[in-house]
> 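Below is one structure. I have some questions about it.
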Number of protein chains: 2
Amino acid sequence: METLFVMVPLAAVLALAFAYVFYSQMRKESEGTPTMQEIAEHVRKGAMAYLKQQYKVVAIVFVILALFFAVLAYGFHVQNSWVPFAFLTGGFFSGLAGFIGMKTATAASARTANAARNSLNAGLKIAFRSGAVMGLTVVGLGLLDISVWYLVLNAFVDATGPQKLVVITTTMLTFGMGASTQALFARVGGGIYTKAADVGADLVGKVEAGIPEDDPRNPATIADNVGDNVGDVAGMGADLYESYCGSILATAALGASAFYNDGDVQAKAVFAPMLIAAVGIILSIVGIYTVKTKEGAGMSQLLKSLGFGVNLSSALIAAASFGILYLLEIPNWAGLSCSVIVGLVAGFIIGQSTEYYTSHSHKPTQTIAHSAESGPATVIISGLGMGMISTAVPVITIAVAIILAFLFATGFDTANLLTAHNLSLGLYGIGIAAVGMLSTLGITLATDAYGPIADNAGGNAEMSRLEPHVRQRTDVLDALGNTTAATGKGFAIGSAALTALALLASYIEEVKIGLQHIGTTTIDIAGRTVDVAQATIPDFMAYYQVDLMNPKVLIGVFVGSMMAFLFCGLTMNAVGRAAGKMVEEVRRQFREIKGILTGDATPDYARCVAISTQGAQREMLFPSLLAIIVPVLVGIFFGVSGVLGLLVGGLGAGFVLAVFMANSGGAWDNAKKYIEEGNMGGKGSEAHKATVVGDTVGDPFKDTSGPSLNILIKLMSMVSIVMAGLTVAFSIL
Amino acid sequence: METLFVMVPLAAVLALAFAYVFYSQMRKESEGTPTMQEIAEHVRKGAMAYLKQQYKVVAIVFVILALFFAVLAYGFHVQNSWVPFAFLTGGFFSGLAGFIGMKTATAASARTANAARNSLNAGLKIAFRSGAVMGLTVVGLGLLDISVWYLVLNAFVDATGPQKLVVITTTMLTFGMGASTQALFARVGGGIYTKAADVGADLVGKVEAGIPEDDPRNPATIADNVGDNVGDVAGMGADLYESYCGSILATAALGASAFYNDGDVQAKAVFAPMLIAAVGIILSIVGIYTVKTKEGAGMSQLLKSLGFGVNLSSALIAAASFGILYLLEIPNWAGLSCSVIVGLVAGFIIGQSTEYYTSHSHKPTQTIAHSAESGPATVIISGLGMGMISTAVPVITIAVAIILAFLFATGFDTANLLTAHNLSLGLYGIGIAAVGMLSTLGITLATDAYGPIADNAGGNAEMSRLEPHVRQRTDVLDALGNTTAATGKGFAIGSAALTALALLASYIEEVKIGLQHIGTTTIDIAGRTVDVAQATIPDFMAYYQVDLMNPKVLIGVFVGSMMAFLFCGLTMNAVGRAAGKMVEEVRRQFREIKGILTGDATPDYARCVAISTQGAQREMLFPSLLAIIVPVLVGIFFGVSGVLGLLVGGLGAGFVLAVFMANSGGAWDNAKKYIEEGNMGGKGSEAHKATVVGDTVGDPFKDTSGPSLNILIKLMSMVSIVMAGLTVAFSIL
């Protein structure tokens, strides 16, 4: 058993090694002309300046929170003593994943543009392999952190028998809170930064001054390109690091409790998600090597090429999971393997549905483009309407995935579906499905991180005034990136929903530990006295009356649903405010620095970068802290049942809202591109202007508020888990 | 006891009598010049043509559903045999309330315009008293229907002892489903109609042709005015009829089960909500008589005048409820009276918060107006952001109201908060709070229905080319109507949330009846055998495991949240499509009928009316039927726990989404009005054009999708209640 576990750190090291190889290969390529290098240097500096500032603010928050946990742990003893450290490492690694990804992306964009001067394939290869650096770094650091903590806790944890693995896994889970906190700041801060710059650059540059995208005369253009890196790369890296670790850790914790009384099986169930992830890394690397394309390839061939790599990895991991679970001799290994496949298939369907609703090869986005004939208002109405309708397929897919993963894991024991035993097994199955969905993250994230690199390459080509065919090639790569990014977001949201469900069960586990911590050894359930140590999930549900007629649960559901909307509203308004400042600054520069528009004077790029940086830092604090404080307050007022209501309400409304916002935003973006390709009057027509409005509204939808929601959902769960001890020890109602 | 009940039909008759008096008084006024009469006739004809068509379609749906219920009741015996009839009368009265309201409104608008030629006060009086016809008709018909059914069932129901009142109240509840179904069709159909006409008229007339609002040269202008009547009057009438009856009936049903073993108290608890409603009618009439204003009154004085009437009625009913519950000798009468006050205060706070977020005297709407300086995109972003943020206060208010109403009703028995007994009492308290909130509906609905009358009066004044001061006066009345309408929507949503909670408990009651129906006399709960007849709410929660770790519940929550979004998306797109057709038609008329714009030719108003009518009828069916079918399907697949998850998920997400959409829409409308009052460049400026885009997007938000959501929530509850027998007898998982 322990020998099999060695695979986990090995796979982590392998991932990091390949990431290093791809990184070195990329660094060897030329950055092109001096102008290209200079522009790339501007973007690098801006991005680093932002990250430095961001990490400074986040570090302060982390120190404060870690001190708070330390006080709870060492002062009041209502907290596990490992939590402050676990919290810090989770945050550190999550930030590191984002940092490395951004470092790579900013180095790769000029090189991609330069390679695209030779051929499309050369451009794709550099961009995609650089994306793979990010993908492999995230999964590598994730498994590394998990391995190290497992070994440390295994050596030091003061428990024996099956209880030991429960303590280890629930403690490890708390480093998820560090990752979530870091991820939320990265997503929200980066999202505000990138969209303030983007909206500001578009509104004044494109619409008012009438200069093209990425034109060097636009003062906000460097900030815009920096934004792609800090929002889409660093933000997404931190986000998916958190999703990845969260799903593995939650499933491991479920395994430890589901197979508590099954001797040797318990350890196997804990290792299973880690091993699936480890094998997934190897198969992702295989998939990465298959991605290439022919010169003159169109959008559909490129998509096929990327799709082939991803699908190959997925098919292989599906097959491999049967092998892994068979070798582990886990009871009902075949059923659990089917749960893995359920997760993979659900991820695929959500991805396909996202593509259908957001790609302009399909009817929904074309309908939005056609509505542009009656002006911007109808573009907005139809985009919002379409986005809302597009929630149906992902929700039904997740609903079916939940019940199928549950049924497979319980061996379709429908007659006794909800016994304590089957419930644990079924929840473990749902966790395994989430792990399955994310097991190929090494390659899916590569296709995702590749997008901003291609986008920046296009920006660099434009600003360096390279030959038109270079920009054409980078445009093809960029358009492809838009679709893969949308698919990636679908994945992130889908896995977040399944992981959040698994985290609900982990919360119960922490409540149990919290009860034991304050010396409660038995609980009274409708006249039955139950030993806390032996109490099952249904026991705790009954004890706390976590049912849908409990007003505390219902209040929690209301507040949870509201949190999703409030959070989005705050981040939307933050983008609006920061973009407003950017608009003023760009207008001021056009007015005061003579000769910008004729190309005789250089705009003050740094000032725009500074404005976006300050705006993002100021605006990200309140919504992020809200996500941490509200679960604590609900716990204090309404106890365990209120917290569970909050999490479920936030999950339901947040999931649907996230899909809606991501899809509306993606569809608006591509409706604009559809017209730019020459349909309905093409660029500059009234219809085009109407879709530019849609695209601008869509920016915070798809890149700020929408993607932050899935972190919000999980951060609220993680906070609840970490604070369960406090909630159990003290709540008013 | 029975003598006190006589008050209920008496109050109903009183309400209808006053409605008739106000109606006759209004009819005696002059309709003004021949042009004014002619235009009013156009609107009347259009509105009648629409309602005729609407009722035809709805009648077919009703006949089919009634037959279906008859088959379930008489063929398969899984349905109460009174349901088909109760269902039909609920639908009939709900439709009748809308019909009378619309009949009154279309008669009143020209008369209001004519009276406004003399003085503002005369105009206000006619418009407001006509609105009161609607308010009093709704509450009168509501209590009449309740009284008649109570007397019929009391005479014929085949049960004795406390069981009799349980059967009577749960049977009466099912006429709520008829009312909800009718209301949903009225809201969705009317909402699509009015916004298709409005958007169509604005986009071509105002934006493209540059002619003012309500200009007779605009072919869609009659359809636009018809729309105000069929959407805002007929739709709202049916909607609030349903809310009003729903809250009273759900509370009565809760009373019958909460005080099942308390002898004489049971009947009192059943009558209490009816008596509070009856007294509320009398006090509403008192309030209506206090509304008047001085000539030259500004917006704030008018608002104060209406506010005085509403607040007076509310204060009186708060005091009266202590008297009623004291006289009834209900145990803990003081606590329950406080629950009534909790409902009233919550309604007031939600109304104030709505006003704060949507009136342009306050910062949020002004901020949206200022964002118009950077174009339509930022107007949309800030409006959406503000709307999302505005959900916080109503949600927190409802959460606090829930827990306070619950605590008051249980006498603050926090140590045993969730015992079966306290749960029943507490839920009854929540129901009583909803009844309290709606008890002054006679006057609050008058302030609400008054809006479209004033709006139409303005349209009539414009089209009849009356003196400018007339239009100025009607504009003042209209602006006031926008604020009161927003407040009214807040009320409708708030009461819907509380009523929906009460309906959850009623659902459990129906499940109990369903179990008895299929011959299940005992259920096994964790080893305990419980007699179904004696089983409590917690017993059923435990039996069906309706807790938050049950995957069926979680799937229900996901699907419920999705339903709210899907429904909105479908109705938004319906408006978009129908508006597109209207835009084409108006453009065609401008192109083909020479001389329209110079005033030499009359546009073909009837064609536009026909297009809106057809569009509304075609588009309303699918979303409405979805609301009926989904709860049935969820019941078949996932049983009782899945249905409860669906209802709670739909309630949580639906409530927040409804507040968001209503407030965003209202704020956009008033941001436009703020600029039209001369701020930021005034009418015709770029900023104004940007806010017109916001207003157009806001139209389906605040008048189609948003207000339909609270009916959706309750219709799904009602369908679940009516179909509980089927769910209990047959479900797959």
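Basis for what follows: all heavy atoms, side chains included, without hydrogens, waters or symmetry-related copies. Throughout, protein chains are lettered first and strands after them, A, B, ... in sequence-line order, and every chain is numbered starting at 1. Just so it is clear, the structure is predicted and the values come from calculations on it, not from any experiment.
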> Counting heavy-atom pairs closer than 4.5 Å to chain A, which one of B:Leu418, B:Thr696, B:Leu504 comes out on top?
B:Leu418
> Name the region of B:Leu566, side chain, backbone, both or neither, that has any atom closer than 4.5 Å to a heavy atom of chain A.
both
> Heavy atoms only, distances under 4.5 angstrom: which of B:Gly569, B:Cys568, B:Gly426 has the most pairs with chain A? Name it, please.
B:Gly569
> Enter the distance from A:Met388:CE to B:Thr571:OG1 here, rounded to the nearest 0.5 Å.
8.0 Å
> Does any backbone or side-chain atom of A:Leu657 lie under 4.5 Å from a heavy atom of chain B? Answer side chain, backbone, both or neither.
both
> Give, as side chain, backbone, both or neither, the part of B:Phe638 having an atom under 4.5 angstrom from any heavy atom of chain A.
side chain
> Heavy-atom cut-off 4.5 Å, strictly under: side chain, backbone, both or neither for B:Met563 against chain A?
neither
> Measure distances from B:Phe558 to the heavy atoms of chain A and classify the residue's part below 4.5 Å as side chain, backbone, both or neither.
both
> Check each atom of B:Arg587 against the heavy atoms of chain A and say whether the ones under 4.5 Å are side chain, backbone, both or neither.
side chain
> Relative to chain A, which segment of B:Val692 carries a heavy atom at a distance below 4.5 Å: side chain, backbone, both, or neither?
neither
> Side chain from CB out, backbone as N, CA, C, O: work out which of these in A:Ala542 comes under 4.5 Å of a heavy atom of chain B, or both, or neither.
neither
> Does atom CZ of B:Phe412 have more than 12 heavy-atom neighbours, drawn from other residues, nucleotides or ligands, at distances under 6.0 Å?
yes
> Using heavy-atom distances under 4.5 Å, tell me whether A:Ile381 contacts chain B through its side chain, its backbone, both, or neither.
both
> At a heavy-atom separation under 4.5 Å, does B:Ser371 approach chain A through its side chain, its backbone, both, or neither?
neither
> Tell me, side chain or backbone of B:Ile537 under 4.5 Å from chain A's heavy atoms, or both, or neither?
side chain
> Side chain, backbone, both or neither: which part of A:Ile525 has a heavy atom under 4.5 Å from chain B?
neither
> Measure distances from B:Leu644 to the heavy atoms of chain A and classify the residue's part below 4.5 Å as side chain, backbone, both or neither.
both
> With a 4.5 angstrom heavy-atom cut-off, is it the side chain or the backbone of B:Val697 that approaches chain A, or both, or neither?
both
> Does any heavy atom of chain B fall under 4.5 Å from the side chain of A:Phe701, the backbone, both, or neither of them?
side chain
> Taking B:Leu548, B:Asp202, B:Val557 one by one, which has the highest count of heavy-atom pairs under 4.5 Å against chain A?
B:Leu548
> Under a 4.5 Å heavy-atom cut-off, does chain B meet the side chain of A:Leu554, its backbone, both or neither?
side chain
> Identify which part of A:Val553 has an atom lying under 4.5 Å from any heavy atom of chain B, answering side chain, backbone, both or neither.
side chain
> Which region of B:Leu651, side chain (C-beta onward) or backbone (N, CA, C, O), has a non-hydrogen atom less than 4.5 Å from a non-hydrogen atom of chain A, or is it both or neither?
both
> Answer with side chain, backbone, both or neither: which region of A:Glu373 has an atom nearer than 4.5 Å to a non-hydrogen atom of chain B?
backbone
> By a 4.5 Å heavy-atom criterion (distance strictly below it), what part of A:Phe406 contacts chain B: side chain, backbone, both, or neither?
side chain
> So which part of B:Leu423 gets closer than 4.5 Å to some heavy atom of chain A, the side chain, the backbone, both or neither?
side chain
> If the plane angle is over 60° it's perpendicular, under 30° parallel, otherwise tilted; pick one for A:Phe565 and B:Phe565.
parallel
